[in-house]
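Worksheet for the structure shown next.
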Number of protein chains: 2
Amino acid sequence: MTEEIQVDDNGKLKCSIEYTLNKVGGKWKLVILWHITFDGTQRYNELRRLLPGITHKMLSQQLKELEQEGLIIRTQYNEMPPKVEYSISERGLTLKPILEAMHEWGTVQGG
Amino acid sequence: MTEEIQVDDNGKLKCSIEYTLNKVGGKWKLVILWHITFDGTQRYNELRRLLPGITHKMLSQQLKELEQEGLIIRTQYNEMPPKVEYSISERGLTLKPILEAMHEWGTVQGG
DNA sequence: CCGGATCCTGCACGATACTG
DNA sequence: CAGTATCGTGCAGGATCCGG
């Protein structure tokens with residue numbers, strides 16, 4: 001079994017936290033994942049309401065990236081009107097410790 | 001004791017994770033904290049070596065912000081040549097669960 | 001050795017209009 | 001309802017020089 005070592009564009013060593021930040025960094029991803037994980041499956045417009053301040057573009061963009069990473073699952077119902085649900089995947093569930101830790105810290109430190 | 005509720009610029013509710021991201025979000029803060037927490041007290045240039053790719057400006061800027069947040073402690077020795085050490089604070093130690101969770105995830109998922 | 005000051009660039013993020 | 005398309009912009013982040 002070969003050793004997989006994380007490197008950046010210049011071939012320098014990266015620590016594992018940088019890998020994580022690459023996947024779920026940015027302003028919205030962890031917040032989205034938190035809601036889908038703990039509030040359960042959500043529709044598109046439900047997420048918009050849960051995320052005050054997010055724009056149309058950012059929500060759909062972040063959802064698409066999260067789906068491509070296999071962290072959430074997109075389920076489309078071909079009805080009228082359209083209905084799309086986003087749920088957490090098994091891989092996404094492995095982020096739970098991170099979400100819980102960050103939520104706990106924000107709650108305690110933020111008052 | 002009054003209830004402290006997190007709100008954004010428009011008075012909308014924020015979830016605790018957003019508070020956390022405000023404090024330790026961005027490209028470098030968590031990585032810096034990880035090294036100072038688990039590799040122990042570090043000098044300025046030692047941190048530069050531990051953080052391949054970080055620029056002079058970003059390192060000093062992030063260190064200053066982390067110190068102002070009370071997450072790390074800056075100790076200056078008035079010698080020649082100058083010597084400055086950065087160590088984790090008690091408040092900074094409360095981030096340990098987050099750091100461990102993100103490092104663990106990056107290690108497992110990143111291979 | 002440890003930074004601050006300045007100037008600059010690019011991309012994350014946003015506003016808005018349009019569509020099946 | 002659940003998105004795309006287009007166009008802007010501000011600030012995170014970077015390069016470089018200066019100073020104690």
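Proteins get letters first, then strands, A, B, ... in listed order; numbering begins at 1 in each.
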Nearest-Å distance for atom pair NZ/P, residues K27(A) and dA12(D): 10 Å

Nearest-angstrom distance from the residue atom CG of L63(A) to P of dG3(D): 7 Å

Residue-level proximity of residues 73-86 of chain B to DNA chain C when a heavy atom falls under 4.0 Å: R74(B), P81(B), P82(B), V84(B), Y86(B)

Smallest separation among heavy atoms of Q76(B) and N78(B), with atom names: NE2-OD1, 3.7 Å

Spacing of Q62(B) atom CD relative to dA12(D) atom P, expressed in whole Å: 9 Å

For atom CD of E67(B) and atom C1' of dG3(C), their distance in whole Å: 13 Å

Side chain to side chain contact (heavy atoms under 4.5 Å, CB included) involving E104(A) - partner list, sequence neighbours excluded: V108(A)

Under 4.0 Å protein heavy-atom contacts per nucleotide of nucleotides 5-11 of chain C, with B for base, S for backbone only and - for none: -BB----

Residues that E65(B) engages under side-chain hydrogen bond (donor to acceptor under 3.5 Å, both in side chains), provided they are two or more places apart: K29(B)

Contact summary for M102(A) and L30(A), nearest pair of heavy atoms: SD-CD1, 3.6 Å

T41(A) side chain to E85(A) backbone, donor-acceptor under 3.5 Å: no

ring-ring contact (aromatic ring centres under 6.0 Å, His included) partners of H35(A), counting only residues at least two apart: none

E46(B): partners by salt bridge (Lys or Arg N to Asp or Glu O under 4.0 Å), with sequence neighbours left out: none

Atom pair distance, as rounded to whole Å: CG in L47(B) and C1' in dG3(C): 13 Å

Pairs involving residues 52-77 of chain B, ordered by first then second residue, that meet ring-ring contact (aromatic ring centres under 6.0 Å, His included) (sequence neighbours left out): Y44(B)-H56(B)

Protein-nucleotide distance (L51(B), atom CG; dG14(D), atom C1'), rounded to Å: 15 Å

Spacing between L21(B) atom CG and dA12(C) atom C1', to the nearest angstrom: 15 Å

Touch class at under 4.0 angstrom, heavy-atom based, for S60(B) against every strand present: sugar-phosphate

The helix from dC1(C)-dG20(D) to dG20(C)-dC1(D): angle between end helix axes, five pairs per end, rounded to 10 degrees: 50°

With sequence neighbours excluded, residues passing side chain to side chain contact (heavy atoms under 4.5 Å, CB included) with Q68(A): K64(A)

DNA chain C contacts made by residues 29-39 of chain B, counting heavy atoms under 4.0 Å: none

N/O donor-acceptor pair under 3.5 Å between S60(A) side chain and K57(A) backbone: yes

Donor-acceptor contacts under 3.5 Å from residues 87-94 of chain B side chains, at least two apart:
unit_1 : atom_1 : unit_2  : atom_2 : d
S89(B) : OG     : G70(B)  : O      : 2.6
S89(B) : OG     : L71(B)  : O      : 2.9
S89(B) : OG     : R91(B)  : N      : 3.4
S89(B) : OG     : G92(B)  : N      : 2.9
R91(B) : NE     : Q109(A) : OE1    : 2.6
R91(B) : NH1    : E69(B)  : O      : 2.5
R91(B) : NH2    : Q109(A) : OE1    : 3.1
T94(B) : OG1    : W105(A) : NE1    : 2.8
T94(B) : OG1    : R91(B)  : O      : 2.4

Nearest-angstrom distance from the residue atom CD of E46(A) to C1' of dC1(D): 12 Å

Set of ring-ring contact (aromatic ring centres under 6.0 Å, His included) partners for Y86(B), sequence neighbours left out: none

Flag, side chain of Q42(A) to backbone of G40(A), donor-acceptor distance under 3.5 Å: yes

Heavy-atom pair with the smallest gap, counting every atom of T55(A) and R48(A): C-NH2, 4.5 Å

Below 4.0 Å: OP1/OP2 of dC2(C) and any side-chain N or O of R43(B): yes

Nucleotide nearest H56(B) (side chain, heavy atoms from C-beta), chosen from dC13(C), dG14(D), dG3(C): dG3(C)

